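Notes follow once the structure below has been shown.
Only heavy atoms go into these numbers, but all of them, side chains included; no hydrogens, no water, no symmetry mates. Labels below follow one simple rule: chain letters A, B, ... track the order of the sequence lines, proteins then strands, and each chain is numbered from 1. Predicted model only: the values in this text are computed from it and were never measured.
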Number of protein chains: 2
Amino acid sequence: MSVTSGNSRRLEQICAVAEQLFRDKGYLATSMRDIADAMNLRGGGSLYAHIKGKEDLLWHIANEATDAFFAALEAVCAQPAAPYERLRAAIIAHLLVITQHLGAAAVYFDEWRHLTEPRRSQFVARRDAYEKRFQALLEACIANGACRPIDTRLATLHLLSAMNAMRHWYKPHGRLSAQQVAEALADMLLHGL
Amino acid sequence: MSVTSGNSRRLEQICAVAEQLFRDKGYLATSMRDIADAMNLRGGGSLYAHIKGKEDLLWHIANEATDAFFAALEAVCAQPAAPYERLRAAIIAHLLVITQHLGAAAVYFDEWRHLTEPRRSQFVARRDAYEKRFQALLEACIANGACRPIDTRLATLHLLSAMNAMRHWYKPHGRLSAQQVAEALADMLLHGL
DNA sequence: CCAGCTGCCTAACGAACGTTTGTCGAGAGA
DNA sequence: TCTCTCGACAAACGTTCGTTAGGCAGCTGG
């Protein structure tokens, strides 16, 4: 994973700080000196004992996010359930991953395009595979009669992008818990306003 | 509008090119030299006969987008209609503005945060006002009984962010026309999957 | 025919960026 | 105690950025 040396505890700290800054200001607007400052280091150079370059941070965070989404989806699919219940569970699981990894979600949805090849293509391939799994869940619902026969491609694009848009307005420690927000959102997505 | 001189036809051309690049690569990743290149000019300096600075372009595009959204919403509200039909018309109008101004939409939703104060605050204020108008439309539907009594704040956030997420996947000249996509999306938002 | 304006060119500026390098103090192991 | 390792420090590197300045071609109105 492109680590140069030693203490991987420290690497996780750097990634956590970078995640927050990438979400707040964006990848390009975040300098190595910003990250160093946020860790109480005096110069950006100190970070290079732990990483090979700035893009390593982006790559590491992007993969963490991808892993989290896949893990949540596979946990849902591992359990026996009717197509509709499975889709609903997958939606809620996806939303909960976002609420728990807001920084990584920003990288996963917005900042990934600053990856250079070939990592960018690798990322996109994994992302596409995840979307196909979701589309299959939706098609199972329609085949089952649990959903209206709508355009599945359009519906999948809408469903995923609508879920992902949650990162723009969800605030932790708000009036509702993450679980409550996720359930309410799943309800609106499945049954409308 | 921060124009330094002369031909405002040329300014519009610059903005059109910048809009495209800001959408493709992001504001920070787009250099003045990139914009000049895309206009077949040989150096970034030539642009400064028409603008005062890079941020002027962002500001100009952001305002064009805001104006377009407000104009579409006011056209809908100017016509007499029941709350539900008015909400549906507003949704479709909003989606059509996005399909017709994909570059400006990218600035309106993503790149605006690179505006510096006080313009950033001015932009956010206008954006908030627009969102409040939409929330009022939704509340009218609930008061009317046309919609279920859901959490209006949550529903508004979801509705707006779900509509805006369309910019990530909509492609002009696709299988469906913009009008068809907008109507299908409005249907899914209002009635679920 | 010429004066003036407009728009683009070229070159350069200072600042900020990611990254590299050499140094040094603190702690661990023998 | 000596030695080795590790993380942080400070300074500097080459590049790219937004921006400025000066000059020059071509059109326009008198």
Side-chain angles (χ1 to χ4, degrees), chain A residues 1-19 21-22 24-62 107 111-117 119-120, chain B residues 1-19 21-22 24-62 107 111-117 119-120:
Chain A
M1 191 61 71
S2 303
V3 191
T4 51
S5 73
N7 194 343
S8 87
R9 175 93 177 77
R10 198 73 172 129
L11 175 65
E12 296 306 321
Q13 289 175 6
I14 297 174
C15 281
V17 165
E19 210 180 287
L21 288 172
F22 290 170
D24 290 346
K25 316 203 301 173
Y27 175 72
L28 288 179
T30 302
S31 70
M32 297 302 280
R33 291 165 177 88
D34 287 337
I35 299 172
D37 269 7
M39 302 196 65
N40 289 325
L41 302 182
R42 308 215 195 243
S46 305
L47 298 168
Y48 286 82
H50 306 277
I51 59 173
K52 285 214 296 227
K54 188 185 184 186
E55 196 184 324
D56 274 19
L57 295 173
L58 195 63
W59 181 238
H60 191 92
I61 296 167
V107 169
E111 310 297 340
W112 62 268
R113 63 172 163 173
H114 298 117
L115 287 169
T116 58
E117 295 295 352
R119 301 207 267 207
R120 182 177 162 134
Chain B
M1 193 63 67
S2 304
V3 192
T4 52
S5 74
N7 194 343
S8 86
R9 173 93 178 78
R10 199 68 173 133
L11 175 64
E12 296 304 322
Q13 289 177 5
I14 297 174
C15 281
V17 165
E19 211 180 287
L21 288 172
F22 291 169
D24 289 346
K25 317 203 301 172
Y27 175 72
L28 289 179
T30 303
S31 70
M32 297 302 281
R33 290 165 176 89
D34 287 336
I35 299 173
D37 269 6
M39 301 197 66
N40 288 326
L41 303 182
R42 304 209 194 229
S46 304
L47 298 168
Y48 286 81
H50 307 278
I51 59 173
K52 285 214 296 228
K54 188 185 184 186
E55 196 184 324
D56 274 20
L57 295 173
L58 195 63
W59 181 238
H60 192 92
I61 296 167
V107 169
E111 310 296 340
W112 61 270
R113 62 172 164 174
H114 297 117
L115 288 169
T116 57
E117 297 294 352
R119 300 206 268 208
R120 181 178 163 134

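For dC8(C), one of the phosphate oxygens OP1 or OP2 lies less than 4.0 angstrom from a side-chain nitrogen or oxygen of R10(B). Here R33(A) does not reach the OP1 or OP2 of dT19(C): none of its side-chain N or O atoms lies under 4.0 Å away. The side chain of H50(B) places an N or O atom within less than 4.0 Å of a non-bridging phosphate oxygen (OP1 or OP2) of dC8(C). Phosphate contact (OP1/OP2 of dT19(C), side-chain N/O of Y48(A), threshold under 4.0 Å): present.
The NZ-P distance, from K54(B) to dC17(D), rounds to 9 Å in whole Å. Remark: C1' of dG7(D) and CE of M39(A) are 11 Å apart, rounded to the nearest angstrom. The distance from atom CG of D56(A) to atom P of dG18(C) is 14 Å, rounded to the nearest whole Å. Here the P atom of nucleotide dG18(D) and the CG atom of L47(B) are 10 Å apart, to the nearest Å. Taking atom CG on L28(B) and atom P on dT16(D), their separation rounds to 17 Å, with Å as the unit. Between the CG atom of L11(B) and the P atom of dC8(C) there is a distance of 12 Å, rounded to whole Å. Rounding to whole angstrom units, CD1 of residue I51(A) and P of dG18(C) are separated by 10 Å. Between D37(A) atom CG and dA16(C) atom C1' there is a gap of 14 Å when expressed in whole angstrom units.
Within a 6.0 Å sphere centred on CZ of R42(B), other residues, nucleotides and ligands contribute 12 heavy atoms or fewer.
In this structure, S46(A) reaches the bases: a heavy-atom distance under 4.0 Å links it to at least one base atom across the strands shown.
Note on ring orientation: taking the six-membered ring where Trp is involved, the planes of Y27(A) and H114(A) are parallel (angle under 30°, cut-offs 30° and 60°).
Across dC17(C), dC9(C), dA8(D), the shortest atom-to-atom separation from the side chain of R42(B) is found for dC9(C).
Nearest heavy-atom pair, H60(A) versus C15(A), reported as atom, atom and distance to 0.1 Å: CD2-SG, 3.3 Å. Minimum interatomic distance between A36(A) and L47(A) (heavy atoms only, all atoms of both residues): N-CD1, 4.0 Å.
Taking a cutoff of 4.0 Å between a charged side-chain nitrogen and a carboxylate oxygen, D56(B) and R119(B) qualify as a salt bridge.
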